[in-house]
Amino acid sequence: MSFTKNCLHFIDGQFVESEDGKRFTNVNPATEEEIGWVAEGGKREIDRAVEAARRALKGEWGRYSIRDRIAVVRRIGDLILERKEEFARLESLDTGKPYTLSLNLDIPRAAYNFHFFADYLHSVGTESYQMDAGQLHYAIRRPIGVVGLINPWNLPLLLLTWKMAPALAMGNTVVAKPAELTPMTATLLAEVIKEAGVPDGVVNVVHGFGPNSAGSFLTEHPDVNAISFTGETHTGKIIMAAASKSLKRLSFELGGKNPYIIFEDANLDEVIETTIQSSFSNQGEVCLAGSRIYVQRPIYDQFLERFVERTKQLIVGDPFDPKTNVGALISKEHLERVNGYLDIARNEGRILLGGKRPEGMEKGYYLEPTIVVDLPEQCRVVKEEVFGPVASILPFDTEEEVIARANATEYGLSATIWTNDLRRAHRVAHQIEAGVIWINTWFLRDLRTPFGGMKHSGIGREGGAHSVEFYSELTNITVKL
Ligand code: NAD
């Protein structure tokens, strides 16, 4: 499918090029064809966007009632749904993910982020404490100010809106820096923001790169009050150092190497179907992917046989073919990185299935869904985030052993436990070091729940009350009558 979109910045309600005219090329990872150019922002664009966002805090937006804010945040969600096919087409062109996935998951969820936080705002309150007679404390909640939103390429619109919706609901203004590889849906979102009637300067989108570019200028800017970042752990460390100069509030959703534990009493039919999703959906480019699959030894062979058979049925190919299950990886560099891990897997273990470009596909950054076995626990493929359609299967014997192995990582984002023994499920969940744990399911999300990672997988939690907390500032007022 041919479709192009050039991406301009959105600053103070206007679509603009960079002052120095710099642009970069956007490539469709499924065809390797150019699909447009992107304005490359620098210090000047970030400065202008932050100035506009700061001005907007004191303008019409600052005088919006809660009902006005609820209405406009809701309207953004409505407009995304009205244009969902257009959003889904752009998301798949940019990322290489199947159009059916964009249309049925990424885009509706992006709209729901706005609808959810519009609804949630109705019930946001604060604390009040009475001391002795005539002594009362109460807290008021205010916007934190200008918030910088920095996002990765794997779930571009879903993750941008996951931050933008609560930021706007709480009355902040934002400067977003989308991933350089996936600028399109953020640009379309800016059109929707304008159409929804959001006052100029409340939402700004500046395209560009990370280091010494729009990303780092945003994190260093003294007039930005907070940064919400999703991306690699290494980038998080750099952003934390940069943001420390002006003591910004930070929320980090970082990488993961998530243990996925299957006990011998699990329901294998459910396990197989869900493990196909947790390993290969979105080409495995999911921070929550169950990328270390520990299977209890008595069912190891049976699991492997069924998992291989089911994986063979997956169709890799054109993201716009409705039959496609697995699309293209995001870029040439990323495919090379994943192939580097497969070289390690070949040397230290065994590739049981896949591990190569699908036959007959000359163009596009495709990789067959890959199953790896016989890896030593210390192998880099078991320890590091591969972020591709690569499932490592590892046998284990006892509960104690698998807990220790699951926790032997610097990451702590999510974990999955499969067992029909309720007490064991909870016992294990209480010992796994992860911010999000699923029992007998995967990726089941409720936006009210705390979301985020421990250890090197993140700082802070977002979702429901946790997002409200991050995107607002509390002042306690004490009265003596
Ligand atoms: P990345 O860290 O390379 O880039 C993310 C964003 O940060 C991009 O917009 C990039 O331009 C920007 N950036 C890069 N260097 C910067 C700098 N020095 N200063 C400011 N901004 C900078 O990550 P990626 O490769 O785009 O995304 C994949 C990573 O994201 C994986 O590690 C994945 O696990 C993680 N991720 C985590 C979650 C979560 O919820 N925990 C969700 C999705 C993805």
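When a residue number appears, it is its place in the shown sequence, counting from 1. In each ligand, atom 1 is the first atom listed, and ligand 1 is the first ligand listed. In what follows, every heavy atom counts, from backbone to side chain, and hydrogens, waters and symmetry copies are set aside.
The minimum heavy-atom distance linking Ser457 with Leu413 is given by the pair OG-N, 3.2 Å. When every heavy atom of Leu288 is checked against every heavy atom of Trp442, the shortest pair comes out as O-NE1, 2.9 Å.
Under the 4.0 angstrom criterion for non-hydrogen atoms, Ala179 is in contact with ligand 1. Ligand 1 lies less than 4.0 angstrom from a heavy atom belonging to Phe229. By the 4.0 Å heavy-atom criterion, Pro211 is counted among the residues contacting ligand 1. Using a 4.0 angstrom heavy-atom cutoff, Pro178 counts as in contact with ligand 1.
When hydrogens are left out, the protein atom nearest atom 36 (N) of ligand 1 is Cys287 CB, 3.5 Å; that is the closest non-hydrogen contact. The protein heavy-atom contact nearest to atom 26 (O) of ligand 1 is Trp153 CD1, 3.0 Å. At the top of the distance list for atom 35 (C) of ligand 1, counting protein heavy atoms only, stands Gly231 O, 3.3 Å. Among all protein heavy atoms, the one lying closest to atom 23 (O) of ligand 1 is Glu232 N, 3.4 Å. If you check which protein heavy atom lies closest to atom 12 (C) of ligand 1, you get Ile150 CG2, 3.7 Å. Nearest protein heavy-atom neighbour of atom 10 (C) of ligand 1: Glu180 OE1, 3.6 Å. Protein heavy atom nearest atom 22 (C) of ligand 1, with residue, atom name and distance: Gly210 CA, 3.4 Å. Counting protein heavy atoms only, atom 28 (C) of ligand 1 is closest to Phe387 CE2, 3.7 Å.
Close contacts between ligand 1 and Asn151 involve ligand atoms 5 (C), 6 (C), 8 (C), 9 (O) [criterion: under 4.0 Å to a heavy atom]. Remark: ligand 1 atoms within the under-4.0 Å shell around heavy atoms of Gly215 are 19 (N), 20 (C), 21 (N). The atoms of ligand 1 that sit less than 4.0 Å from any heavy atom of Ser216 are 19 (N), 20 (C). Each of the atoms 41 (N) of ligand 1 lies under 4.0 Å from some heavy atom of Leu413. Atoms of ligand 1 lying under 4.0 Å from at least one heavy atom of Asn154, given by number and element, are 43 (C), 44 (C). Close approach to Ile239 involves these atoms of ligand 1, each under 4.0 Å from a residue heavy atom: 19 (N), 20 (C), 21 (N). For ligand 1, the atoms lying closer than 4.0 Å to a non-hydrogen atom of Leu159 are 42 (C), 43 (C). With ligand atoms numbered from 1 in the order given, ligand 1 contributes 40 (O) to contacts under 4.0 Å with heavy atoms of Phe451.
Within the 4.0 angstrom cut-off, atom 4 (O) of ligand 1 has no protein heavy-atom neighbours.
Under the 30°/60° scheme for interplanar angles, the aromatic rings of Trp418 and Tyr260 are found to be tilted. Under the 30°/60° scheme for interplanar angles, the aromatic rings of Phe396 and Tyr294 are found to stand perpendicular.
From Asn407, atom CG reaches atom CD1 of Ile432 across 5.0 Å, with rounding to the nearest 0.5 Å.
For Thr219, no nitrogen or oxygen atom sits less than 3.5 Å from a nitrogen or oxygen atom of ligand 1, counting backbone and side chain alike. Residue Lys177 has at least one nitrogen or oxygen atom sitting less than 3.5 Å from a nitrogen or oxygen atom of ligand 1, judged on distance alone. At under 3.5 Å, not a single nitrogen or oxygen of Thr230, backbone or side chain, sits near a nitrogen or oxygen of ligand 1. Considering both main-chain and side-chain atoms, Ile238 never comes within under 3.5 Å of ligand 1 through any nitrogen or oxygen pair. Ligand 1 has a nitrogen or oxygen under 3.5 angstrom from a nitrogen or oxygen of Glu385.
One side chain, Glu384 or Tyr341, offers a donor N or O that lies under 3.5 Å from an acceptor on the other. Asn26 and Asp94 form a side-chain donor-acceptor contact under 3.5 Å, judged by distance and modelled atom types alone.
Atom NZ of Lys194 has more than 12 neighbouring heavy atoms from other residues, nucleotides or ligands inside a 6.0 Å radius. A 6.0 Å sphere centred on CE of Met240 holds no more than 12 heavy atoms belonging to other residues, nucleotides or ligands. Around the CZ atom of Arg445, the shell of radius 6.0 Å holds more than 12 heavy atoms that belong to other residues, nucleotides or ligands. Around CG of Asp20, the count of heavy atoms belonging to other residues, nucleotides or ligands within 6.0 Å exceeds 12.
Residues Lys22 and Glu45 are not paired through a salt bridge, judged by the lack of any N-O separation under 4.0 Å between the basic side chain and the carboxylate. Salt-bridge annotation for Glu17 and Arg23: present, with a side-chain N of the basic residue lying under 4.0 Å from a carboxylate O of the acidic one. Ion pair Lys455/Glu410 not flagged as a salt bridge, since none of the NZ, NE, NH1 or NH2 atoms sits closer than 4.0 Å to an Asp/Glu carboxylate oxygen.
Nearest to atom 41 (N) of ligand 1 by heavy-atom distance, out of Leu149, Thr235, Leu254, Leu158, is Leu254.
Of the heavy atoms in Leu218, none comes closer than 4.0 Å to ligand 1.
Judged as a side-chain contact (heavy atoms from CB on, under 4.5 Å), and not counting sequence neighbours, the contacts of Lys43 are Asp47, Phe217.
Between Thr161 and the choices Asp106, Asn151, Asn113, the side-chain hydrogen bond (donor to acceptor under 3.5 Å, both in side chains) rule is met once, by Asn113.
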